[in-house]
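Atoms within each ligand, like the ligands themselves, are counted from 1 in listed order.
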Amino acid sequence: MPVLEVHNLVTRYGAITALKGVSLRVEEGEIVTLIGANGAGKTTLLRTLSGVLKPTSGTVRFAGKDITGRRADQIVREGVVQSPEGRLVFRAMSVKENLEMGAYTRSDSDIGKDMERVFRLFPRLKERIGQSAGTLSGGEQQMLAMGRALMARPKLLMLDEPSLGLAPVLVRDIFRIIVEINAAGTPVLLVEQNARQALKIAHRGYVLQTGQVALEDTAEALSNNETVRRAYLGG
Ligand code: ATP
C-alpha cells in the first residue's frame, strides 16, 4: 500500500483551475520528485496536500486513510509535513525556538533528542542556536525550515524548492541531507526547479504540465527521456 495516494485531484483559484485531475503516489522508502515549469501547479499541489488549499474534487489518502479536505493542523498530526521555503521561518524567534515550534503537535519527551538529530544533520544551526532566525543567511534559513519540519517527526516529508537561491556548495549539502533523511526511513515528496539534481536522488518522478501529469516514470528513465532532457535538463 502506498504511503500517499492522490487520485484525480482538482484545485481551483476562483475561475482558474490550477490542478486538473492529478494522480500520483509515494511508496514507503521513496523519494519522489515533481518537476515542471513555473506555473505548472507544483506549489498548488503541495499546498493542497498540506491542507492549506481545499481541493474541489479528488481524493488524498495517507497511510490508507482518507485525509481529503482536512485542516492543515490535522494533516500535520497525521504525519504529513511540509518544509516551506526558507523565508517562512519565524524571523523574530531564535533557531532553538523555531525548532521547538516544529514539535508543537507533539507531547512526548523526545524533543531534545530530535533537536540533537537536527543539529547532527545541520551543524550550522547548532552554532546559531540562540540567534534570531531573521538574521540567518538564506541557506541557513532553508536548513532551519527543514529542521523545523523534521521536529514534527514526519511520516511523509514534502519539500518545496529546497535548493532555491542557494550557493552551489549548499545545494549539494541540501540534496545530500535529503538522501540521509530518506535513508533513515522518511519518504520524501520533492518539488524542484533543479530537475537535474532532483532526478539524481529520486527513485521516481512526475512531470507536471499546466496542472496535469504529463509523464511518470523512474527517475532514471525520466533523466534519459528526450522530451524531459530538452525541456527541463537543458539539452
Ligand atoms: P512556481 O514554480 O512558479 O511556483 P508552480 O508549478 O508551483 O510554479 P503554482 O504556483 O502552483 O505553479 O501555480 C499554478 C497555476 O495557478 C498558475 O497558473 C498560477 O498562475 C495559478 N495561481 C497560483 N496561485 C494563485 C492564486 N493565489 N490566485 C490565482 N491563481 C494562482
Side-chain angles (χ1 to χ4, degrees), residues 4-26 31-60 62 67-72 75-76 80-89 138-139 141-142 145-146 149 154 156-168 170-171 174-175 178 187-202 204-217 219 222-223 225 227-234:
L4 178 76
E5 214 172 353
V6 176
H7 187 64
N8 257 330
L9 206 62
V10 175
T11 300
R12 300 205 169 97
Y13 299 102
I16 296 168
T17 306
L19 298 183
K20 302 170 185 166
V22 169
S23 299
L24 59 83
R25 66 179 205 285
V26 178
I31 298 177
V32 172
T33 188
L34 214 68
I35 58 187
N38 284 332
K42 306 180 298 294
T43 300
T44 302
L45 178 58
L46 288 197
R47 288 168 67 82
T48 307
L49 295 178
S50 57
V52 177
L53 295 170
K54 298 269 175 266
T56 314
S57 60
T59 55
V60 181
F62 180 70
I67 58 162
T68 317
R70 295 269 185 99
R71 287 200 321 262
I75 289 176
V76 170
V80 180
V81 181
Q82 180 174 352
S83 168
E85 286 175 51
R87 303 184 273 115
L88 298 178
V89 294
Q141 288 181 1
Q142 188 61 53
M146 279 175 69
L156 173 70
L157 180 62
M158 301 195 293
L159 300 170
D160 193 3
E161 307 270 6
S163 79
L164 191 72
L166 299 190
L170 281 180
V171 171
I174 288 280
F175 280 102
I178 295 169
V188 176
L189 182 58
L190 171 66
V191 164
E192 261 293 338
Q193 289 279 339
N194 192 337
R196 188 180 293 277
Q197 286 288 344
L199 287 172
K200 265 189 204 151
I201 67 163
R204 288 187 306 111
Y206 294 82
V207 176
L208 213 57
Q209 237 169 39
T210 56
Q212 283 174 312
V213 173
L215 270 173
E216 145 182 23
D217 216 325
L222 288 176
S223 304
N225 179 296
T227 314
V228 172
R229 294 174 72 88
R230 245 181 290 122
Y232 306 104
L233 303 177

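Atoms of ligand 1 lying under 4.0 Å from any heavy atom of Lys42, numbered from 1 in the order shown and given with element: 2 (O), 5 (P), 6 (O), 7 (O), 8 (O), 11 (O), 12 (O). Counting the atoms of ligand 1 from 1 in the order shown, those under 4.0 Å from a heavy atom of Ile16 are 30 (N). Within the listing of ligand 1, atoms 6 (O) sit less than 4.0 angstrom from a heavy atom of Ala37.
Within the 4.5 Å cutoff, no side-chain heavy atoms of Leu49 are placed close to those of Ile67.
Residue-to-ligand polar distances place Gly39 within reach of ligand 1: an N/O pair is separated by less than 3.5 Å. Residue-to-ligand polar distances place Gly41 within reach of ligand 1: an N/O pair is separated by less than 3.5 Å. Of the N or O atoms in Ala40, one or more lie within a sub-3.5 Å distance of an N or O in ligand 1.
Within the 4.0 Å heavy-atom criterion, the part of Gln193 lying near ligand 1 is the side chain and not the backbone. Using a 4.0 Å cut-off between heavy atoms, Asn38 contacts ligand 1 through both its backbone and its side chain.
Here the protein heavy atom with the shortest distance to atom 31 (C) of ligand 1 is Tyr13 CD1, 3.3 Å. Shortest contact from atom 4 (O) of ligand 1 to any protein heavy atom: Thr43 OG1, 3.4 Å.
There is no protein heavy atom closer than 4.0 angstrom to atom 19 (C) of ligand 1.
Not a single heavy atom of Gly211 sits less than 4.0 Å from an atom of ligand 1.
Evaluated by nearest non-hydrogen atom to atom 11 (O) of ligand 1, the leading choice among Thr210, Leu34, Thr44, Val191 is Thr44.
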